[in-house]
Amino acid sequence: MEIAIIGAGINGASAAQHLSAAGYRVMLVDQGDFANGATSRSSRLLHCGLRHLATGTNFWQSLLRPDRLAKSMKTVRDDMLARDEIVRTIPDRVKPINFCVPIYNDDQYSPWQMDAAFAALRLTSPRGVPLDYRKYSQKNQAEVPVTPWLRDPHKLRSVAVFREYIFDWPERIALDAVFDARRMGAIVRNYTRVVDLKQQNQGARWRMTLQAANKDGGSASVTTDLVLNLAGAWVDDLIQKTGSNAPPKCTGMKGVHIALRLPEEFNDWGVFTYNSLGEPLYCLPFRGVHYVGLTRTPFTGDIAGVSASDQEIEWMIAETNRCLPKLAVSRHDILYSWAGVNPLTSDPEEPMGSREIKIHDLARDGLPDFLTLTGGPIMTHRRVARQLVKSISGRRSPAGTPQCPVYQGVQVASDQREVASIPATEIERCVREEMPGSLTDLLMRRLGLGWEPDQGIGQARSIAEIAAPYLGWSTSRVDAEIQRYQLHLEKARRRPTSV
């Protein structure tokens, strides 16, 4: 094997796709299901990069650190170019929304600074997908339907509105990349854990010991020329398996979202404002509901079992009511919550982690031909993959013939909101071709029904029964899979305890 990629989130999947297209022999493995880490728990926002310019810190203070400002502008440009490419190449995987930014008298940003921010965004990609930026003064704010719901109307100077996009849905984009890589010859395995990773005595090749996650699964030993550590929040754990004492590369930040139904004025409208800590707060429309996020707290616990606590949900409710007080959200309004760990780049100057996308070459830590990625968000996954191809091509030439990646994946259904729109033949195809290990894999990632208001509960049994003959499930196993899915929702997407 030429390249072993560990971690099949959006970046691992895209790296496998692009490296396979470049002609390399690739193996992609993940300890869980494909796209079941940070990829499935993100804000699902294809961000233009405004958050890197309007961070909540004082505008003039940012000018005192030109190095950080330059880094932010590079990140903004990467985001804008990624936004352009994704909207143009897979328009069916994203949905446009109207995104409004209220500007108050006591904000750290004035209207002219917001104008300057959008002018800077446009300069980074002059011919890209339009932002449709416009600004509404106090005289015409009524043209923005969500304005009456915003806090402190007497302090509201203006409302900025622009076009943004929501991923629908990022797990599917990752799966499309995984199976396109397989089409081009890659070996892809989910539920496969790396239990040992060592350099061979002679040469710089790596030997991985892999263990299947199921009880009856065996182990296998694989030799590879180069290791790509794209395991997200687990990258430091993987480095430790080599025996290295390399300093941490990743800072894991926990983020929590809550989902609720909002009045019809919010249909296709989102809000970008700031919470009481001065950090961004998003309220985003998604498949008939809105979700609000997010928190940012350091996390060092069980990443696989991360969920929103009652205290975190209460905090999100309070912040939602602070920014949109007329909603009067209570615990009973919460449809579900979710939490994830964002694998940011460790930086001594930034205790909360840096959003810099960084490819670490661990040769200086005694691990040659071992690359690690930190800080890679969903929207820039193709750019990261191309950077990896460029870096690796400078080390060794591929053994195979280049091919063309196909970004446009399968169409799971014409309308996810209609049960009947997912035919049995499509469910059967997912089961036969896309390696689900459970009903949860099908509902959450293959079919995306876990993101509907009822989280797919209404269709769980019918889908399990269609899948059963192909997966060898008995009637009792079908019942068990439904129970496991319900348990998954209770733990990972929990409502407050008192509800």
Side-chain angles (χ1 to χ4, degrees), residues 1-9 11-20 22-32 37 178 181 185-213 217-252 303-304 343 345-346 357-376 384-400:
M1 188 63 57
E2 290 183 280
I3 301 171
I5 302 173
I6 304 170
N11 288 297
S14 187
Q17 182 184 34
H18 285 81
L19 286 164
S20 297
Y24 290 98
R25 291 178 296 142
V26 172
M27 169 178 272
L28 173 68
V29 298
D30 196 288
Q31 64 182 347
V178 167
I187 298 170
V188 300
R189 296 286 185 270
N190 55 352
Y191 296 106
T192 301
R193 183 183 299 273
V194 178
V195 295
D196 192 50
L197 181 59
K198 294 291 187 293
Q199 288 180 273
Q200 291 186 298
N201 292 331
Q202 296 180 348
R205 303 196 81 200
W206 289 90
R207 180 175 293 276
M208 297 193 307
T209 302
L210 305 176
Q211 178 73 50
S219 61
S221 182
V222 177
T223 303
T224 182
D225 294 328
L226 188 143
V227 174
L228 289 186
N229 179 10
L230 306 186
W234 288 272
V235 293
D236 290 322
D237 293 342
L238 188 67
I239 292 172
Q240 289 179 2
K241 289 184 185 297
T242 68
S244 171
N245 293 319
K249 309 300 179 188
C250 175
T251 296
I303 300 170
T345 299
S346 290
I357 302 171
K358 189 168 183 178
I359 298 173
H360 308 260
D361 186 341
L362 270 67
R364 66 183 62 184
D365 294 308
L367 304 177
D369 293 321
F370 191 109
L371 304 180
T372 294
L373 173 71
T374 54
V384 166
R386 291 171 186 140
Q387 289 174 344
L388 288 168
V389 171
K390 182 178 179 181
S391 176
I392 292 169
S393 64
R395 298 165 181 259
R396 54 179 43 82
S397 299

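These values consider heavy atoms only, across backbone and side chains, with no hydrogens, waters or symmetry-generated copies. Numbers here are sequence positions counted from 1.
- The nearest pair of heavy atoms linking Ala22 to Val389 is CB-CG1, 4.1 Å.
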Per-pair distances, 0.1 Å, donor-acceptor, side chain in residues 358-365, under 3.5 Å, sequence neighbours excluded:
from	atom 1	to	atom 2	distance (Å)
His360	NE2	Thr374	OG1	2.8
Asp361	OD1	Ala363	N	3.0
Asp361	OD2	Arg395	NH2	2.6
Asp365	OD2	Lys249	NZ	3.1

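- In this structure, the separation between CZ on Arg386 and NE2 on His18 is 4.5 Å, given to the nearest 0.5 Å.
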request  = Tell me, with the steps shown, if Tyr24 and Ser393 meet side-chain contact (heavy atoms from CB on, under 4.5 Å).
outcome  = CA-CA 10 Å; Tyr24 290 98; Ser393 64; 3.6 Å; yes
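- Under the 3.5 Å distance criterion, the side-chain polar atoms of Trp206 are matched with a main-chain donor or acceptor of Pro368.
- If you run side chain to side chain contact (heavy atoms under 4.5 Å, CB included) between Ile6 and each of Met27, Met208, Lys241, only Met208 comes through.
- No donor-acceptor pair closer than 3.5 Å links the side chain of Thr192 to the backbone N or O of Ala212.
- Heavy atoms only, all atoms of each residue included: Ile187 and Met1 are closest at CD1-CE, 3.6 Å.
- Gly9 and Asp30 make their closest contact through N-OD2, 4.2 Å (heavy atoms, listed as atom of the first residue, atom of the second, distance).
- In this structure, the separation between CD1 on Ile5 and OG on Ser20 is 7.0 Å, given to the nearest 0.5 Å.
- The salt bridge (charged side-chain N to carboxylate O under 4.0 Å, His left out) search around Arg396 returns Asp369, not counting sequence neighbours.
- Here the closest non-hydrogen pair linking Pro343 and Ala233 is CB-N, 3.5 Å.
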task = Would you sort out whether Val194 and Leu210 count as a side-chain contact (heavy atoms from CB on, under 4.5 Å), showing the intermediate values?
result = CA-CA 5 Å; Val194 178; Leu210 305 176; 3.7 Å; yes
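- With contacts defined as side-chain heavy-atom distances shorter than 4.5 Å, the pair Ser391/Leu371 qualifies.
- Atoms CZ and OG1, from Arg207 and Thr224 in turn, are 11.5 Å apart once rounded to the nearest 0.5 Å.
- Going from atom CD1 of Ile392 over to atom CG of Leu19 covers 4.5 Å, rounded to the nearest 0.5 Å.
- Under the side-chain hydrogen bond (donor to acceptor under 3.5 Å, both in side chains) rule, Asn229 has a single partner from Asp237, Thr242, Asp236, Thr372, which is Thr372.
- Under the rule for a side-chain contact (heavy atoms from CB on, under 4.5 Å), the partners of Asn11 that lie at least two apart in sequence or sit in another chain are Leu373, His381, Val384.
- Of all heavy-atom pairs spanning Glu2 and Pro398, the tightest one is OE2-CA, 3.7 Å.
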inquiry  = Using the rule given for side-chain contact (heavy atoms from CB on, under 4.5 Å), can you reason through Leu230 versus Leu388, listing the C-alpha separation, both sets of side-chain angles and the distance that settles it, and then say yes or no?
reply    = CA-CA 11 Å; Leu230 306 186; Leu388 288 168; 4.1 Å; yes
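- When all heavy atoms of Leu28 and Ala13 are compared, the closest pair comes out as CD2-CA, 4.3 Å.
- Heavy atoms of other residues, nucleotides or ligands lying less than 6.0 angstrom from NZ of Lys198 number more than 12.
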